[in-house]
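Note sheet for the following structure.
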Number of protein chains: 2
Amino acid sequence: MENETKKQLNIKDLARLAGVSTSTVSNALSGRRHVKPATKQKILELAQQYHYQPSVMARGLCRQKTKIIGVITADLYNPYYTEVIKGIDAQAKQLGYTIVIGSTNYDDYQEMEEFRKLNALCVDGFIIIGSQNTHFRFSEINSRKVPLVFVDREVKNHPSVLIDNKAAMMKAVDYLCSLRHKKIAYVGYQGTNIINLEKRLEGYKAGLKKNGLAFNSKICLLSNALLSNEFNVAYGMLDTYLKNNGCASFSALIGEADIIAFGCMRALQDNHVKVPGQVSVVGFDNIHSSKFSNPRLTTVNQPKKKMGKIGAKMLFSAIEGHRKINTNSVYLKTVIVERESAGLA
Amino acid sequence: MENETKKQLNIKDLARLAGVSTSTVSNALSGRRHVKPATKQKILELAQQYHYQPSVMARGLCRQKTKIIGVITADLYNPYYTEVIKGIDAQAKQLGYTIVIGSTNYDDYQEMEEFRKLNALCVDGFIIIGSQNTHFRFSEINSRKVPLVFVDREVKNHPSVLIDNKAAMMKAVDYLCSLRHKKIAYVGYQGTNIINLEKRLEGYKAGLKKNGLAFNSKICLLSNALLSNEFNVAYGMLDTYLKNNGCASFSALIGEADIIAFGCMRALQDNHVKVPGQVSVVGFDNIHSSKFSNPRLTTVNQPKKKMGKIGAKMLFSAIEGHRKINTNSVYLKTVIVERESAGLA
DNA sequence: TTGTAAGCGTTATCAC
DNA sequence: GTGATAACGCTTACAA
């Protein structure tokens, strides 16, 4: 039996087994320096046979590079973020990077702590996802000056990958107008300090104006509750509204996010208004479950996975120095996904 | 300005600043050895002021412990897994551990690779989530002999946290029977080698028998498609069935997982059968979106977050040696969450 | 083409 | 109470 209680072996052991020095092993494995084919072959075989894996710790320590990137996100359970992360992960795998995810529970303080922690891990760079409005400056605590890329968050002097929330929301209004809707309600949040949401609201108003429609604050339902449990918040607001006013004042409704749109659909349906028969609904984000809802949700797609991929690409090219990090942000295209929840007025 | 281009400083720098040796700094920070209060105070202040963070790499190298645990999961985007991970994460944060997640895309080979990679990172232990039926033995490649805990997966000689899938599914049948249903359909997968799913099917059959109902293969719809896109697979199977046979042959239906139940609800609704009016539907898992569906899904809850938490606790106590790792599995309770999709026959 | 040895930033052992 | 110093496992000059 060759494999009884073999302990983790290190480069020295391997060197001894191959009858060469550690530097030869190192070079054979990394290909940095030329090693006689026969020797190299032998080393590779031994490494294979014994499942040799160089210690990330030792290597990281001596090279000051780890092939690890830190990803910071507010919430591991939010499908929007996890889809972005999937994009990052796919790209990272391709280039042999490991990602480590820090989650902040939407909290600025925890965000900073996670940053510190991952920084101490000697990550080669960061991708920071999401649009919390933080008060501390990353550049101040980024003592190792590793590259930073933001996704879905705009930070001065840092590269980000974004969508144009305002324009995207305008498109949603345009779309509804093209379906001949004249009274379009809006359900969302205000005062969150989340710039993306503010931009969406702006887009709603701008879209109305562009299409010659007047803004009516009565049918613009905004909550300033904490950002969580959006489904119930949206449901509650709209349900109350419908009980008091019926649905005569609008023929279409935009949810600031898909979850909000779901809440609205349920409120509508529970108040016996047909979607899309009496009221059309459109959401924003195109999260997974909008394919499953009843009716399937028409929504504004954010290319989440692609955002992650592109963010990762930007980061990796900055890390590997192919080009100096570009502080320009990239904006990705959004598009309306027509499904079942919106129809002709 | 005190903070201009200060580079990352290390323990030596700090020692110099404090006028003491590195070992004193180390001891002051870790508290392992006693340090004169005044000195300690000074060191702590300096550390604070300069945002000193000990290098995880260096520490990991010399202690062979990293306070990092590896979490391996099939799919970062699957809400079932991410909820488990949230539980792990919460527990890890509390104990000062960092988690690093490896994703395998449901692939055995990738699972092994992730294990290797994280092992090279010198993680202190692993939590492996999900029920792929892998063919390699972890114990063989676990060269550093770190503790392993499985969640939602049974592995011989290793501790796991599980639910009793068979019993849980029986409960679902019981529940439907208590609603006086006599003809209960089942939609799921077969031949996946995923033991949990096989147990669920067993539970369905056992539940039928227990309630004096005959198993009818006509209304047990099983797919052997690849496990992905379950919504559409379920939708397709049931839609075809309904078009050919109508829905007279059953008054209730169990989806092997919530997503499957969603697919079934849509197929039912698109074929103009009312849920729960004509057919009651119950799912399994209680993922987030089952609260949002229309109708809201009645389903079997798995305590996912708790499973993660408990798995993490087991792992940490094994790591810290409070008790020898227990190879006994723990089974958590499942419960039916009554919502709207199931009613009296 | 290969080997030797210094160094990466910590902690642990042993002196003092 | 505190300070040298040798590990930890790797990479990389510098020699040979």
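Here is the naming used below: chain letters follow the sequence lines, and residue numbers restart at 1 for every chain.
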Do the side-chain N or O atoms of Gln64(A) get closer than 4.0 angstrom to the phosphate oxygens (OP1, OP2) of dG9(C)? yes
Would you confirm whether Ser160(A), through its side chain, and Arg153(A), through its main-chain N or O, come within 3.5 Å as a donor-acceptor pair? yes
Can you sort out the partners of Phe150(A) under ring pair (Phe, Tyr, Trp, His ring centres under 6.0 Å), two or more places apart, ordered by chain and number? Phe138(A), His158(A)
Separation between NZ of Lys117(A) and CD of Gln53(B), rounded to the nearest 0.5 Å: 10.5 Å
Flag the pair Lys42(A) and Glu45(A) as a salt bridge only when some basic side-chain nitrogen lies within less than 4.0 angstrom of an acidic carboxylate oxygen. no
Whole angstrom value for the distance that separates P of dG9(D) from CG of Leu9(A): 11 Å
Distance in angstrom units between Ile11(B) CD1 and dT5(D) P, rounded: 17 Å
dA15(C) P sits how many Å from Arg33(B) CZ, rounded? 14 Å
Considering non-hydrogen atoms only, spot the tightest contact between Ala28(A) and Lys40(A) and give its length. O-CE, 3.6 Å
Identify, residue by residue, the members of residues 54-63 of chain A with a heavy atom below 4.0 Å from DNA chain D, and return them in order of residue number, or none. Pro54(A), Ser55(A), Ala58(A), Arg59(A), Cys62(A), Arg63(A)
In whole angstroms, how far is the C1' atom of dC10(D) from the CG atom of Leu121(B)? 14 Å
Hey, is NZ on Lys306(B) packed in by over 12 heavy atoms from elsewhere, all under 6.0 Å? no
Just how far, in rounded Å, is P of dG9(C) from CG of Asn119(A)? 13 Å
Quick one: does any side-chain atom of Asn78(B) pair with a main-chain N or O of Tyr80(B) as donor and acceptor, under 3.5 Å? yes
Using atom NZ of Lys12(A) as one end and atom C1' of dG3(C) as the other, report the distance to the nearest whole Å. 14 Å
Find out whether the Lys NZ or Arg CZ of Lys86(B) is both under 6.0 angstrom from the six-membered ring centre of Tyr77(A) and within 45° of the ring's axis. no
Separation of dT2(D) C1' from Lys42(B) NZ (nearest whole Å): 14 Å
Any donor-acceptor N or O pair under 3.5 Å, side chains Ser103(A), Lys93(B): yes
Just to confirm, is there a sub-4.0 Å distance from OP1 or OP2 of dG9(D) to any side-chain nitrogen or oxygen of Tyr52(A)? no
Can you check the Lys40(A) NZ to dT2(C) C1' distance for me, whole Å? 15 Å
In residues 20-30 of chain B, which ones come under 4.0 Å of DNA chain D, going by heavy atoms? Val20(B), Ser21(B), Ser23(B), Thr24(B)
With hydrogens left out and only the distance checked, is there a donor-acceptor pair under 3.5 Å joining Arg32(A)'s side chain and the base of dT12(D)? no
